[in-house]
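A short worksheet on the structure shown next.
As the structure is a prediction and not an experimental result, all values here were calculated from the model. Residue indices begin at 1 and follow the sequence shown.
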Amino acid sequence: MGGGADRSAPVRAEESVSGGVDVWSDAVSSHAPDHLLVMVHGILGSTADWQYGANEFVKQLPDHVIVHCSEKNASMLTLDGVDVMGERLANEVLDVISRRPEITKISFLAHSVGGLAARYAIARLYRHPDSVSDGNTKGTICGLEGINFITVATPHLGSRGNKQVPLLFGSVAMEKVACHIVHWIFRRTGRHLFLTDDDEGLPPLLQRMVEDHDDLYFISALRAFRRRVVYANADCDHIVGWRTSSIRRNNELPELPVSSSDKYPHIVHEEHSEETDDDKWQDCMAECDMDVLEEKMVTGLGKVSWEKVDVSFHSSMTSFAAHSIIQVKYAFMNEGADVIQHIIDHFQL
């Protein structure tokens with residue numbers, strides 16, 4: 001696990017030749033870090049969104065990680081669609097790896113819609129195992145060992161279902177209207193989030209992203225990582241609902257206790273969900289009253305195990321900005337620093 005290193009370790013950051021910002025420790029070390037952590041921002045974002053997180057990772061794990069803050073989908077480019085974003089991110093990662101031959105391991109930390117772009121990118125970067133004779137059935141991410149795949153407030157089930165966008169107050173009428181007009185604002189990405197895309201008669205992209213599809217290995221790529229983690233705002237996030245960011249059905253949302261942790265005051269619940277076989281999913285589908293597409297996505301993503309961490313900023317003075325606070329997007333709103341620390345402390349090297 002990570003954490004516990006010298007927080008005063010000097011940090012160096014510079015723009016990458018291929019785009020984005022590389023962040024690493026400038027301290028004298030006997031070896032170069034061999035673990036690449038790719039940080040991906042959300043919609044209309046930039047490399048600056050993860051500045052706090054990147055600096056903390058490098059300060060605390062100076063001998064282990066080099067951080068790359070992606071920029072190939074900066075600002076308005078995040079409106080071009082999840083697939084286009086994913087392709088750009090995959091190419092950016094390949095460029096970074098080609099410049100750093102010492103890298104042997106890779107992890108992702110993505111915020112909001114950036115988590116969907118990251119899921120698409122790893123499906124493109126997935127490589128089948130060379131041999132299964134030694135019992136190793138896991139593939140790699142462009143030849144690297146996948147370690148941590150972490151998303152923060154990501155709408156894994158899209159934004160179409162009831163209360164998936166809390167800003168719409170749970171109004172079914174408003175949610176239906178949003179489905180028809182969201183593309184006016186968020187263009188092709190909006191269609192993907194609200195599952196209204198119909199590319200050449202194919203199912204919605206997010207539905208396709210819960211199984212291996214043609215030459216895109218969405219589930220195999222997720223399975224290639226040692227661990228998969230979702231951090232979800234249980235309340236106060238007006239952009240991404242709790243259900244979609246935690247990959248749960250309504251009846252699976254836990255009762256939330258008040259946090260008793262001094263170190264992580266905003267972490268209110270943690271659980272580990274094992275991958276579930278098809279028979280159990282069929283039983284659950286019969287019992288649950290859910291949107292069919294949403295159920296297909298929950299079912300598909302349940303084919304791999306997940307760590308689920310629920311976060312609450314309900315007592316925060318800036319709780320209205322929970323969607324940004326959870327990643328400490330702005331230095332003047334750093335109440336989510338304990339969430340970043342939780343990510344670092346549980347980060348596997």
Side-chain angles (χ1 to χ4, degrees), residues 1-41 45-72 74 89 92-111 114 118 121-122 125 140-152 225-227 229 231 263-264 326-349:
M1 297 294 183
D6 180 9
R7 289 175 179 268
S8 64
V11 173
R12 181 176 177 183
E14 68 178 32
E15 291 189 9
S16 165
V17 175
S18 56
V21 175
D22 290 340
V23 185
W24 69 95
S25 173
D26 209 22
V28 176
S29 176
S30 59
H31 66 278
D34 63 353
H35 193 155
L36 173 65
L37 171 58
V38 181
M39 291 186 169
V40 189
H41 60 73
S46 72
T47 56
D49 294 358
W50 276 115
Q51 182 177 350
Y52 175 85
N55 288 343
E56 286 301 307
F57 257 95
V58 170
K59 287 177 183 176
Q60 297 186 44
L61 303 172
D63 296 330
H64 299 286
V65 300
I66 178 169
V67 176
H68 177 78
C69 296
S70 170
E71 78 160 1
K72 287 298 186 181
L89 177 59
E92 183 175 3
V93 170
L94 287 173
D95 286 342
V96 173
I97 293 171
S98 69
R99 293 185 288 101
R100 296 188 175 275
E102 71 276 13
I103 297 296
T104 62
K105 294 176 282 191
I106 189 168
S107 292
F108 285 79
L109 174 56
H111 177 247
I122 63 172
L125 295 170
T140 66
I141 304 302
C142 51
L144 306 180
E145 181 184 2
I147 308 296
N148 309 271
F149 186 86
I150 307 168
T151 65
V152 178
F225 286 84
R226 190 182 299 171
R227 60 192 290 259
V229 193
Y231 283 78
K263 188 174 185 180
Y264 313 121
I326 195 171
Q327 73 161 156
V328 194
K329 183 175 181 178
Y330 305 110
F332 63 90
M333 291 194 296
N334 64 352
E335 290 188 71
D338 63 309
V339 179
I340 300 300
Q341 190 60 53
H342 189 276
I343 294 172
I344 296 172
D345 288 346
H346 293 79
F347 191 82
Q348 292 191 12
L349 300 171

### Message
Tell me every residue that passes ring-ring contact (aromatic ring centres under 6.0 Å, His included) with H41, counting only those two or more places apart in sequence or in another chain.
### Response
none
### Query
Where is the tightest heavy-atom contact between L89 and A118, given as atom of each residue plus distance?
CD2-CA, 3.7 Å
### Task
For residues H68 and D22, determine if any side-chain heavy atom of one lies less than 4.5 Å from a side-chain heavy atom of the other.
yes
### Query
Can you name the nearest heavy-atom pair linking N334 to V328, along with the distance?
CA-CG1, 3.8 Å
### Message
A side-chain contact here means heavy atoms from C-beta on lying under 4.5 Å apart; do V93 and I106 qualify?
### Response
yes
### Task
Please name all residues satisfying salt bridge (charged side-chain N to carboxylate O under 4.0 Å, His left out) with R226, sequence neighbours left out, ordered by chain then number.
E145
### Query
Below 4.5 Å, heavy atoms only, C-beta onward: do S107 and I150 meet side chain to side chain?
no
### Message
Test side-chain contact (heavy atoms from CB on, under 4.5 Å) on E56 and I344; report intermediate values, then the result.
### Response
CA-CA 8 Å; E56 286 301 307; I344 296 172; 3.7 Å; yes
### Task
Under the side-chain hydrogen bond (donor to acceptor under 3.5 Å, both in side chains) rule, collect the residues that match up with T151, sequence neighbours excluded.
H156
### Message
Using the side-chain contact (heavy atoms from CB on, under 4.5 Å) definition, which of the options T47, V38, L37 pairs with C69?
### Response
T47
### Query
Between the side chain of K105 and the main-chain N/O of D34, is any donor-acceptor distance below 3.5 Å?
no
#### Entry: Under the ring-ring contact (aromatic ring centres under 6.0 Å, His included) test, residues paired with Y52 that sit two or more places apart
none
### Message
Under a 3.5 Å distance rule, please check whether N148 uses its side chain to pair with a backbone N or O of Q348 as donor and acceptor.
### Response
yes
### Query
With a 4.5 Å limit on heavy-atom distance, are the side chains of I147 and L349 in contact?
no
### Task
Indicate yes or no: at least one non-hydrogen side-chain atom of F347 is less than 4.5 angstrom from one of H64.
no
### Query
Can you check whether I66 reaches R100 side chain to side chain, under 4.5 Å on heavy atoms?
yes
#### Entry: Closest non-hydrogen atom pair between E92 and E71, with its separation
OE2-N, 3.1 Å
### Query
How long is the span from the CD1 atom in I340 to the CG atom in D345, to the nearest 0.5 Å?
11.5 Å
### Message
Is any side-chain heavy atom of V65 closer than 4.5 Å to one of P33?
### Response
no
### Task
To the nearest 0.5 Å, tell me how far D49 CG sits from Y330 OH.
6.5 Å
### Message
Donor-acceptor pair, distance only, cut-off 3.5 Å: does the side chain of W50 make one with the backbone of V40?
### Response
yes
### Summary
When rounded to the nearest 0.5 Å, the distance separating CG of L36 from CZ of F108 is 7.5 Å
### Task
Sequence neighbours left out, what passes side-chain contact (heavy atoms from CB on, under 4.5 Å) with A13? Give chain and number order.
V21, V23
### Task
Please test I343 against V152 for side-chain contact (heavy atoms from CB on, under 4.5 Å), starting from the C-alpha separation and ending with a verdict.
CA-CA 10 Å; I343 294 172; V152 178; 4.2 Å; yes
#### Entry: H342: ring-ring contact (aromatic ring centres under 6.0 Å, His included) partners, not counting sequence neighbours
Y231, Y264, H346
### Query
Do V96 and I103 come within less than 4.5 Å of each other through their side chains, counting heavy atoms only?
no
### Query
Are H111 and I326 close enough, and set up right, to give a side-chain contact (heavy atoms from CB on, under 4.5 Å), and what steps lead you there?
CA-CA 9 Å; H111 177 247; I326 195 171; 4.2 Å; yes
### Query
If you look at every heavy atom in L94 and C142, which pair is closest and at what distance?
CD2-CB, 3.9 Å
